[in-house]
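For the numbers below, each heavy atom of this structure counts, side chains included, while hydrogens, waters and symmetry mates do not. Positions are given from 1 along the sequence.
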Amino acid sequence: MDNAICVPARMFTQLQQALPPHEGEMEMKYDCDVIVVGGGPVGLFLAAELGMRGVSVQLFDNKSGTCTHPAANANSARTMEHYRRLGIAAEVRSQGLPGDHVTDVAYYTRLSRHQLARLSQPCSSDAVSRAKDYEFLWPTAELPHRCSQLYVEPVLLKAAKRYASTQAHYDSSVQSLEQDEDGVTATVVSTLDGRQTQCRAKYLIGCDGPRSTVRSLMGLHYTGSGGEKREFMGGRMAATYFSAPELNAAVQGGRAWQYWTLNHEQRSLIVSVDGRGGFIINIQLQGDAEPSDHDVGQRIATAIGTNVNIPFTLISSTTWTAGFALVAEKMRQGRIFLAGDSAHLFTPTGGMGYNTGIEDAANLAWKLEALVKGFGGGILADSYEAERKPVAARNTDFARQFADSIGYVRLPKALEDETAEGEAARRSVGAHLNFHGHKEFVIPGVQLGTRYEDSPLVCTEAGSPPPDTANLYLPSGRPGHRAPHVWLKDGSSLYDRFGSGFTLLRLGGGAHQAGADLAGLPQGCPVSEQTIASEEARDLYGADFVLLRPDQHIAWRGNRIDAEFGRALSKSLGLAKP
Ligand SMILES: Cc1cc2nc3c(=O)[nH]c(=O)nc-3n(C[C@H](O)[C@H](O)[C@H](O)COP(=O)(O)OP(=O)(O)OC[C@H]3O[C@@H](n4cnc5c(N)ncnc54)[C@H](O)[C@@H]3O)c2cc1C
């Protein structure tokens, strides 16, 4: 770890003294623009994104480094688009399973016995080159990527460390906060020696996970449904990381990324972490007792099948609870915001907890930049909750539907019998699982269909938006929607033409209006212009001109740059009078 940037809390006082005051703010002393509490994937991504935007950050995490126990293992197409924007998509894609490892989802009675169903999915080495083949279903340059949080977090930390103004402090627990009109002061306690320091910033973001200190200091609670009980994915669970290099060879039907086992003894989800024998198994627990290593070992053997003897070693274990679909009652209070699990808690079916958190951070980062640099208005701060809370409710609801679809599967008595009746039972359960596999894992609508039509930043158009469904994404040029993706004639992605600030696209024949007057933009507001002579893009967006926000959502579309454009830009910057 690079000490220039990852400093324990006890060194923080010297660091504070070394920080220069910000220009024009001599009367008010800030240690940084934004404090990020929590260095999980959401806090790290937010720190990197703010760093890229020239916003200074102090991040505090109470662990000693990035996570060591795998949890999230699915990176959505939208998350990968954000990583592409930060220039780290290729590096994230090179992590986790080897490039030639299939990312199938397979369902079994037990791994060495009967395969019930299998959803075939491409290897990561094919994902970039084959993105065009999947265009109908996944219109994006970045297909989903299966890779554990274990490997993603170090890439995010490295991305954050590219910016001198971003500093990450481990072994540092934020324990209290004070907010006033001008900023937020956090008290940070070193978990190594108990020493206390204070850090002051203009804004503070709680990315500190489900048991969020920030959320509880704000006096906020989750609302929604918790504690749902199901046969599987509804109740207390154990997640055990283990090594079994011989397991892949014993699996019926060849290796996969996820292996679900269903039999009358137990149900489990086993995920291949590195393709070389590192796996994580999730099993449902009965009662409150912590499972012993012996219990967990037996549960692994049961999932594999006791007809084979596969040696394995336990690495680490944790417990968690499935059955939540929770959203914080508020995602902002004054200068304090919540993002990621602190703001919403999922059952991990559909792989959406961390991915929703990455979208929160992408939504918030450019707004913080505009507020810190002074080119955005106060409505921007309000818009974060207005835009993201409905998405958190939408996504937790989708995840709950997937949990129901797998968690309530009824198993016929004869499921494992070597008889005609057993075969028929496996065929019928397999038919449901084939259907379920598509339902949970082929979800371009969930991943790409987020829209902010009701946002205070968006001039909503008349007419109906495309339906918001999980398994089908219908691109739309309506303000508030994610910018539709197009492959350009030279084979490149339209997304690579977008700037890191606002982007004005001149599409198709839109070039004929070159020279439109963009004078009068608020000082410091980054707007780049791109002429894209593609009629396909013009048709898809439905206008000659399109204004994109920094998070790649559409702010406005129209056929001329006129007063309406000015009003839309002003509204997107939170400057319009309500
Ligand atoms: C079994 C399982 C599988 C999952 N699979 C997926 C998946 O495939 N895809 C997906 O999208 N999601 C998945 N999730 C969910 C995903 O792991 C979480 O949504 C994600 O980790 C949330 O990220 P975060 O950064 O918001 O919070 P966290 O990862 O919880 O990070 C919070 C950080 O804050 C630190 N912290 C806490 N309190 C303080 C404090 N007071 N001061 C300083 N630091 C503090 C913590 O140590 C931690 O490092 C899964 C979860 C589980 C349990």
Does the [X] side chain pair with the main chain of [Y], one donor and one acceptor, at a distance under 3.5 Å?
X: Arg146; Y: Pro144; value: no
X: Thr396; Y: Ala392; value: yes
X: Arg557; Y: Val546; value: no
X: Glu440; Y: Gly350; value: yes
X: Thr503; Y: Gly499; value: yes
X: Ser172; Y: Asn62; value: no
X: Asp33; Y: Val372; value: no

Salt bridge between [X] and [Y], side-chain N to carboxylate O under 4.0 Å?
X: Asp182; Y: Lys202; answer: no
X: Arg549; Y: Asp551; answer: yes
X: Glu181; Y: Arg335; answer: no
X: Arg482; Y: Glu359; answer: no
X: Arg84; Y: Glu142; answer: yes
X: Arg211; Y: Asp341; answer: no
X: Asp31; Y: Arg200; answer: no
X: Arg400; Y: Asp397; answer: yes

Given Gln198 and Thr187, is the side chain to side chain donor-acceptor pair (under 3.5 Å) satisfied, shown in steps? CA-CA 5 Å; Gln198 290 202 318; Thr187 301; 3.2 Å; yes
Gap between atom CZ of Arg85 and atom CE of Met52 - 0.5 Å precision: 5.5 Å
Taking atom OH of Tyr384 and atom OG of Ser455, what is their separation to the nearest 0.5 Å? 13.5 Å
Verdict with reasoning, Leu50 to Tyr163, per side-chain contact (heavy atoms from CB on, under 4.5 Å): CA-CA 9 Å; Leu50 288 171; Tyr163 308 100; over 6 Å; no
Got Leu338 and Arg332 here, is their nearest side-chain heavy-atom distance under 4.5 Å? no
Using a 4.5 Å cut-off on heavy atoms from C-beta on, say whether the side chain of Pro444 contacts that of Leu472.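 SC-SC contact between Leu472 and Pro444 ruled out.
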Before you tell me yes or no, could you show the steps for Lys367 and Ser383 under side chain to side chain donor-acceptor pair (under 3.5 Å), namely the whole-Å CA-CA distance, both residues' side-chain angles and the distance that decides it to 0.1 Å? CA-CA 9 Å; Lys367 295 175 181 174; Ser383 76; 2.9 Å; yes
Sorted by first residue and then second, give each salt bridge (Lys or Arg N to Asp or Glu O under 4.0 Å) pair with at least one member in residues 69-78; sequence neighbours left out.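 For residues 69-78, and leaving out neighbouring residues, the salt bridge (Lys or Arg N to Asp or Glu O under 4.0 Å) pairs sorted by first residue read Arg78-Glu81.
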State whether Phe337 and Arg388 meet the cation-pi test: NZ (Lys) or CZ (Arg) under 6.0 Å from the six-membered ring centroid, and within 45° of the perpendicular axis.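 Not satisfied by the 6.0 Å and 45° rule.
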Test His82 against every option in Ile358, Asn75, Asn355 by the side chain to side chain contact (heavy atoms under 4.5 Å, CB included) rule and name the one that passes. Ile358
Can we call the ring centroids of Tyr473 and Trp138 under 6.0 Å apart? no
Phe346 and Phe324: aromatic ring centres closer than 6.0 Å?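 Distance test on ring centres: not under 6.0 Å, no.
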Is the Tyr83 ring parallel, tilted or perpendicular to the Phe45 ring (thresholds 30°, 60°)?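 Tilted, since the angle between the ring planes falls between 30° and 60°.
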Specify whether Phe60 and His169 have parallel, tilted or perpendicular ring planes, treating 30° as the upper limit for parallel and 60° as the lower limit for perpendicular. parallel
